[in-house]
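Labels below follow one simple rule: chain letters A, B, ... track the order of the sequence lines, proteins then strands, and each chain is numbered from 1.
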Amino acid sequence: MSVTELDFLVDGEPRKISVETKDKAFVFREGGCVLEAEVRRISANELQFRLGGRTLRAHLVRDGERTFVSVDGRDFVVSEFRPETGRRGEGDEKTAETSLRVKSPMPGKVTNIAVSEGEEVRKNQTLVIVEAMKMENEIKTAIDGVVTKIHVAVGDLVDSERPLIEVEKQ
Amino acid sequence: MFGKILIANRGEIAVRVIKACREMGIGSVAVYSEADATSLHVRQADEAVPVGPPPAVESYLDMERILEAARATGAEAIHPGYGFLAENAAFARLCEERGIVFIGPNSTALELVGDKVRARRTMEKAGIPTIPGMTSVATSPEEFRVAARALGYPVMVKASAGGGGKGMRIVCDEAGLVPALESGKREAKSAFGDDSVYLEKYIEEPRHVEFQVLADDRGHTIHLFERECSIQRRHQKILEETPSPALDPELRAEMGETAIRAMRAAGYNNAGTVEFLLGRDRRFYFLEVNARLQVEHPVTELTTGVDLVRRQILIASGADLSIRQEDLLQRGHAVECRIYAEDPKSNFLPSPGRIAFLREPKGPGVRFDSGVFEGFEVPVFYDPILAKLIVWAEDREAACRRMSVALGDCVILGIHTTAGFLRDVVNHPEFRAGRSTTSFIGKYFPSWGTEEGEEDGRRLALAAAAYEALARTAGPTGLPGRRGKEDVATPWTTLGRWRAGGET
């Protein structure tokens, strides 16, 4: 018998889960909950969990650091997490609460830049508009400050990784 | 009959039309933007012509390029699908001038129904009920007050230049009228540069019920019953069904008859839909004509047995519509769910990206009209619809159950979709009771992702990811499951980067 502890981010939230093998079954412990099940691999993308008289299915696929999992029609994004390095790749990056690297929540095309470098901005002020799939999304600043750097231009295609704009607290 | 049809669209609807063409022995020509070179419609068509860069205005909306593609390939007709050029009267006229058949209504009817004011006037003249509203321009608060009293409260302030809910205010009594007029005018001014507003009778918790109509070139017009489309978010339909739980045979017959009269008044031919707003008092009002094949057309196909795309093509080729009204019956119940690339947990934010895994639902009574495949990169440029899941069953309850199971079987990984959200909608007791109104989503699903079931799902997802991570790091000899179904235990001791045995 052995126990393994794993750290994940589920939809951006850190979660710790321990896995223990017990005869033919697995015991998963997470946040005070225990799930004891036999696990069957149906295919590269499908697992079956048998617990008591019930059978639960999970479909999953790995894409780089992330694992996409579908359970009963609900989708989750699970990524590996190393607590010592802090949260990564999720939303805007703040460094020491004094500056903000604003990112787009989804890939899209920059249709408007509402500020210029050196401009003072207030919390929740719209910085950039990114259009994706015929929908306009206003990207706002989460802090008061000054726009120190604009990394994009109107018409640019952006992803959710690259910072659009940097705002520094004064 | 045509020898070749060009499909001026992309995604699931282009695929749907290509299928109809193949079944009818007609050649199909796809057009595609640079972003769609490997899209499903391009793969399935007999021929494919590039029509420009990714932005729709430079490709799918470029009339000259589309017409040139038709000329170059020798296509005799163009099917516009929905969206893009489907309701563009100028395009329909261009086709007529160039001797290419536009598979849709004639350009005169298209122009008429596309102009909301003219359409409304035409319908009123034909005795079709419209939402009571002010017919003259008012300037003083007193004029508005008189008009509001005549309409009866509640009334709605609407911007004359209108659209998108901007400038709209609901007024329940006379005290609220002047403040609503003022704020409505302000918003209209900033949205449209025009502050003129008018009053309309406000229909409380209405249903959105539409009737499918087919009309041939000789004026033979029939309706194929209703579609209930009340489940909407941001004024966009996400779930449709037929029959509507709100109609009885008398009301259905009356509304269907009215839909036929409306289309005749507009001089309409080919397939089209008449949209009505249905009040709690069972009164209905003409909203508008959708002069195209609609996204939700499959629910009508499954309950009437009529292939609407095939009929569109037949009518456009000049054939008589051989179906008589009395031949039509609604059989069973059909429900459609629109699977969008959107994240229901983050306010339906668009979710383009690569579909890393796809499992299409199937089984008795299940239809999946899809424009995507595993490995497909959903582009950021277009409408987020990926696929439509449509089910048919003997009655509404059975159809809802079938839909719930099918949505659970529909697995799309790599991007977010609305499938799980729709499953909760279908299983909601108010929906099951047939009480769907246009305010349903706002009322019962102000947010999503925190209900019961979510946490259980998250935990199982975590367990699955943990199992997978262990399987991966265990190395090729220790992979659980790779040695057979029964083999569930793994040598954990070979774990690499994961910390074994708790905290280190």
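Chosen from A:Thr67, A:Val77, A:Val78, A:Ile17, the residue pairing most often with chain B at heavy-atom distances under 4.5 Å is A:Ile17. With chain A as partner, the option from B:Ser351, B:Pro352, B:Ala56 having the largest number of non-hydrogen pairs under 4.5 angstrom is B:Pro352. Interface check for chain B: of the options A:Cys33, A:Ser18, A:Ala44, A:Ala37, the most heavy-atom pairs under 4.5 Å are formed by A:Cys33. Contact count against chain A (heavy-atom pairs under 4.5 Å) is highest for B:Pro384 among B:Ser346, B:Gly408, B:Pro384, B:Gly353. For chain B, the option among A:His59, A:Arg57, A:Met106 with the highest count of heavy-atom pairs below 4.5 Å is A:His59.
B:Tyr340 does not touch chain A: none of its heavy atoms, backbone or side chain, sits under 4.5 Å away. Both the backbone and the side chain of B:Ala341 come within contact range of chain A, each with at least one heavy atom under 4.5 Å from a heavy atom of that chain. Contact of A:Ser70 with chain B is made through backbone and side chain together, with heavy-atom distances under 4.5 Å. If you measure heavy-atom distances from A:Gln48 to chain B, you find no contacts under 4.5 Å at all. Both the backbone and the side chain of A:Asp75 come within less than 4.5 Å of a heavy atom in chain B. Only the side chain of A:Ala58 comes within contact range of chain B, with heavy atoms under 4.5 Å apart. Within the 4.5 angstrom heavy-atom criterion, atoms from both the backbone and the side chain of B:Thr417 approach chain A. Using a 4.5 Å cut-off between heavy atoms, B:Ile412 touches chain A through its backbone atoms (N, CA, C, O) alone. Contact annotation for B:Pro55: only side-chain heavy atoms (C-beta onward) come within less than 4.5 Å of a heavy atom of chain A. When heavy atoms are compared at a cutoff of 4.5 Å, A:Val69 approaches chain B by way of both its backbone and its side chain.
Within 6.0 Å of atom CD in A:Glu120, 12 or fewer heavy atoms from other residues, nucleotides or ligands are found, so the atom counts as exposed in its surroundings. Other residues, nucleotides and ligands place more than 12 heavy atoms under 6.0 Å from the CZ atom of B:Arg359.
The only option from A:Phe28, A:Phe76, A:Phe8 that meets the side-chain contact (heavy atoms from CB on, under 4.5 Å) definition with B:Leu462 turns out to be A:Phe8.
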Practice problem: Walk me through it: do B:Glu455 and A:Arg15 pass the test salt bridge (Lys or Arg N to Asp or Glu O under 4.0 Å)? | Solution: CA-CA 12 Å; B:Glu455 190 48 41; A:Arg15 294 284 187 109; 3.1 Å; yes
Quiz item: Hey, mind stepping through A:Glu13 and B:Arg458 against side-chain contact (heavy atoms from CB on, under 4.5 Å) and telling me if it holds?
Solution: CA-CA 11 Å; A:Glu13 290 301 312; B:Arg458 186 174 290 126; over 6 Å; no
Practice problem: Please assess B:Leu470 against A:Leu6 for the test side-chain contact (heavy atoms from CB on, under 4.5 Å), listing each intermediate value before the final yes or no. | Solution: CA-CA 9 Å; B:Leu470 293 173; A:Leu6 304 172; 4.2 Å; yes
Quiz item: Would A:Phe68 and B:Phe357 count as a ring pair (Phe, Tyr, Trp, His ring centres under 6.0 Å) if you check the C-alpha gap in whole Å, the side-chain angles of each, and the deciding distance to 0.1 Å?
Solution: CA-CA 9 Å; A:Phe68 297 94; B:Phe357 178 75; over 10 Å; no
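Minimum heavy-atom separation, A:Leu60 to B:Ala464: CD1-O, 3.8 Å. Taking both residues in full, the closest heavy atoms of B:Pro350 and A:Met133 are given as CB-SD, 3.9 Å, listed atom of the first, atom of the second, then distance. When all heavy atoms of A:Val71 and B:Gly457 are compared, the pair lying nearest together is CG2-O, 3.8 Å.
Between B:Glu468 and A:Arg41, at least one side-chain nitrogen of the basic residue sits less than 4.0 Å from a carboxylate oxygen of the acidic one, meeting the salt-bridge criterion. At a threshold of 4.0 Å, the pair A:Arg74-B:Glu454 counts as salt-bridged, since one of the basic side-chain nitrogens sits closer than that to a carboxylate oxygen.
A:Asp144 is linked by a side-chain contact (heavy atoms from CB on, under 4.5 Å) to A:Arg122, A:Lys123, counting only residues two or more places apart in sequence or in another chain. For A:Asp72, the salt bridge (Lys or Arg N to Asp or Glu O under 4.0 Å) test picks out B:Arg423, with sequence neighbours left out.
With values rounded to the nearest 0.5 angstrom, B:Leu413 atom CG is found 10.5 Å from A:Asp63 atom CG.
Between the side chain of B:Lys345 and the main chain of A:Asp11, no donor-acceptor pair closer than 3.5 Å is present.
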